[in-house]
Amino acid sequence: MPIAVMAVSFEQRVVQAAQEPSMRVLLSQASVVRLRADADQPFLVRGLGRGDQRMRSMEVSLRSGRLKISGQMRDGSSRSLSAGSAIEVQSDDPRGIWLGSRRYRGRLQFLVRGGQVQVVNHIGIETYLASVVGSEMPHRWPLPALQAQAVAARTYALRQRGKTGDFDVKATVSSQVYRGVESETPSTIEAVESTRSLVLVHAGRLINAVFHSSSGGATEPSGEVWRSQLPYLVSVADHDQHSPVHRWNKRFDDDQLRDLFRETGGVKRLQVLKKSSTGRVRSARVQGPRGSLVLTGRELRKRLGLKSTMVQFELINGSVEPPTASTHTATRTTSRTASQSGSQAAPPLIGLWQDSASGAANTGPATTSSPPSRLASLLPPPPPPLPQRNPSAFNRPRLDVKEGELVLEARGQGFGHGVGMSQWGAHGLALQGADFRQILMHYYRGAEIRPYRPSDDPAVALRLRSESAWWG
């Protein structure tokens with residue numbers, strides 16, 4: 001049954017935010033932080049030791065381990081003030097407060113931590129999520145995909161509350177992306193309000209609702225990426241074939257390889273030692289003139305800057321050995337001297353894999369060229385097929401290779417760790433007619449969707465004062 005969507009004014013959202021759980025989001029940690037009011041409405045500063053002050057702009061830095069405040073007061077005069085180790089800034093302006101190049105709602109707390117100024121945004125979870133959804137997905141995507149993102153992000157955020165001293169989550173890909181007011185849109189607000197308080201629960205506890213951009217054909221069991229195999233994070237067939245990163249290529253010349261693998265003096269051979277059940281690299285041996293090095297798939301991905309570990313390698317004028325017989329998928333071994341030229345720029349990427357601090361565009365298509373087909377029943381699910389790893393399916397640009405030069409080519413699928421919900425897969429399912437519940441049940445097997453209860457997670461239960469006020 002569809003959930004009724006009600007238009008919620010800013011004033012109503014302020015009242016609701018006072019009743020719902022509050023998130024502590026780490027926005028910045030720097031030596032100098034600048035903020036300003038939007039237009040002429042000043043913000044309130046507490047903790048200066050002279051009573052509350054109203055200011056239009058402010059620069060916060062450190063002097064002898066204490067916060068130093070320089071800024072423009074309400075009357076237009078400039079003043080320098082000294083504070084202790086913490087101050088707070090708040091505004092009733094619905095346009096928020098500018099912190100650097102972004103605006104934020106709620107309350108900003110400035111702390112002295114590690115010789116820097118740390119900024120933490122205290123904000124109601126539903127207001128926070130309206131920005132998270134718009135930061136993680138293009139706001140023009142189908143509503144069911146945005147709703148699925150809202151429920152997953154709400155579950156993830158609530159599960160993190162109270163785990164660290166100063167903040168619960170970061171505003172970057174280290175947690176989930178949060179870009180403030182600019183990422184709030186009518187569609188993201190609707191996605192959050194229409195799923196208000198709904199979370200994913202398994203065995204009475206909030207699940208670890210991780211997500212990623214695109215799996216490349218099949219999601220990865222959690223136990224093959226992290227230490228624990230969780231019952232709801234198993235491998236399922238993905239619906240991300242239309243993703244701009246469903247297939248990708250990356251090449252490295254001899255100079256790059258020597259720089260990336262200084263321990264071995266470059267790469268003369270790359271041997272995949274072990275792969276996961278879905279074909280992702282779990283370990284590999286790099287051999288060069290100075291020796292060999294064994295890396296995990298995650299370490300190799302980080303070192304080479306790859307989009308995922310679902311990748312095959314080929315050395316031009318070299319060799320790549322296949323994985324050992326115990327693995328599920330063989331890697332093609334080829335040696336050749338030349339190949340083709342020129343490549344097209346990759347389409348813009350979206351989702352968890354762009355850090356909000358980078359300011360990179362968060363865009364993506366609202367539709368695909370293929371018409372949506374009628375969605376078959378998603379539950380109960382059939383066993384997911386493993387992705388077809390046909391090298392000829394990749395777009396392989398031509399490359400001119402000089403005589404005696406060695407080039408490593410990586411041909412991969414997907415973007416991210418591959419565990420949990422695929423954002424492009426959610427988009428694909430929505431185009432096929434799935435609602436947000438079907439999308440979530442497809443990626444988080446056996447989980448239950450229901451309103452949050454403080455008893456779902458003891459760490460959160462201790463901090464919630466009222467359950468009914470949030471749900472009402």
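For this chain, numbers begin at 1 and follow the sequence in order.
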In the structure I gave you, are the side-chain heavy atoms of [X] and [Y] within less than 4.5 Å of one another anywhere?
X    : Y    : answer
N208 : Y232 : yes
H212 : F415 : no
M421 : V151 : no
V45  : I69  : no
L108 : F43  : no
L304 : K250 : no
S91  : L44  : no
R205 : R159 : no

Do the side chain of [X] and the main chain of [Y] share a donor and acceptor less than 3.5 angstrom apart?
X    : Y    : result
S135 : S131 : yes
R56  : Q41  : no
R154 : E126 : no
N249 : R411 : no
S175 : A171 : no
S228 : L230 : no

To the nearest 0.5 angstrom, please state how far the [atom1] atom of [X] sits from the [atom2] atom of [Y].
X    : Y    : atom1 : atom2 : value
Q438 : Q432 : CD    : CD    : 10.5 Å
D168 : Y128 : CG    : OH    : 9.0 Å
M23  : L158 : CE    : CG    : 6.5 Å
R450 : L200 : CZ    : CG    : 10.5 Å
Q160 : L206 : CD    : CG    : 10.0 Å
R179 : L27  : CZ    : CG    : 13.5 Å

- Message: Q229 vs V234, test: side-chain contact (heavy atoms from CB on, under 4.5 Å). Steps then yes/no.
- Response: CA-CA 8 Å; Q229 177 55 55; V234 297; 3.9 Å; yes
For the residue pair [X] and [Y], what are the closest heavy atoms and their distance?
X    : Y    : value
S276 : E224 : CB-OE1, 2.8 Å
T188 : H139 : CG2-CB, 3.9 Å
V419 : P221 : CG2-O, 4.4 Å
W424 : S214 : CD1-CB, 4.1 Å
D38  : G96  : CB-O, 4.0 Å
A430 : P142 : CB-CB, 3.8 Å

- Partners passing side-chain contact (heavy atoms from CB on, under 4.5 Å) against S308 (at least two apart in sequence or in another chain):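 Only W248, M310 meet the side-chain contact (heavy atoms from CB on, under 4.5 Å) criterion with S308.
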- With sequence neighbours left out, the residues meeting side-chain contact (heavy atoms from CB on, under 4.5 Å) with S57 are R36, Q72
- Message: If the threshold is 4.0 Å, N to carboxylate O, is there a salt bridge linking R298 and E220?
- Response: no
Using ring-ring contact (aromatic ring centres under 6.0 Å, His included) as the criterion, list what pairs up with [X], not counting sequence neighbours.
X    : answer
Y444 : none
H122 : none
F252 : none

- Query: So S215 and R280, side-chain contact (heavy atoms from CB on, under 4.5 Å) or not? Walk me through it.
  - Reply: CA-CA 10 Å; S215 78; R280 290 171 170 85; 3.8 Å; yes
If we ignore angles and hydrogens, is there a donor and acceptor under 3.5 Å between the side chains of [X] and [Y]?
X    : Y    : value
Q176 : E136 : no
Y452 : E20  : no
Q147 : S194 : yes

- Working for salt bridge (charged side-chain N to carboxylate O under 4.0 Å, His left out), residues E182 and R103: CA-CA 7 Å; E182 271 64 37; R103 292 182 297 161; 2.7 Å; yes
- Task: List the steps and the verdict of side-chain contact (heavy atoms from CB on, under 4.5 Å) for R453 and V201.
- Result: CA-CA 10 Å; R453 302 170 188 165; V201 177; over 6 Å; no
- Ring centroid separation Y178 to Y104 under 6.0 Å: yes
- Parallel, tilted or perpendicular: which describes the rings of H242 and H427, with under 30° parallel and over 60° perpendicular? parallel
- Task: Classify the ring geometry between Y156 and F211 as parallel (under 30°), tilted (30 to 60°) or perpendicular (over 60°).
- Result: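 The arrangement is perpendicular - the two ring planes meet at more than 60°.
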- Task: Start with the C-alpha gap between I87 and Q53, add the side-chain angles, then the distance that decides, and say whether side-chain contact (heavy atoms from CB on, under 4.5 Å) holds.
- Result: CA-CA 11 Å; I87 61 170; Q53 301 286 334; over 6 Å; no
- salt bridge (Lys or Arg N to Asp or Glu O under 4.0 Å) contacts in which one or both residues fall within residues 107-118, not counting sequence neighbours: E88-R107, R113-D166
- Item | The single option from D435, D238, L440, I439 passing side-chain contact (heavy atoms from CB on, under 4.5 Å) against L429 |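 It is I439; the other options fail the test.
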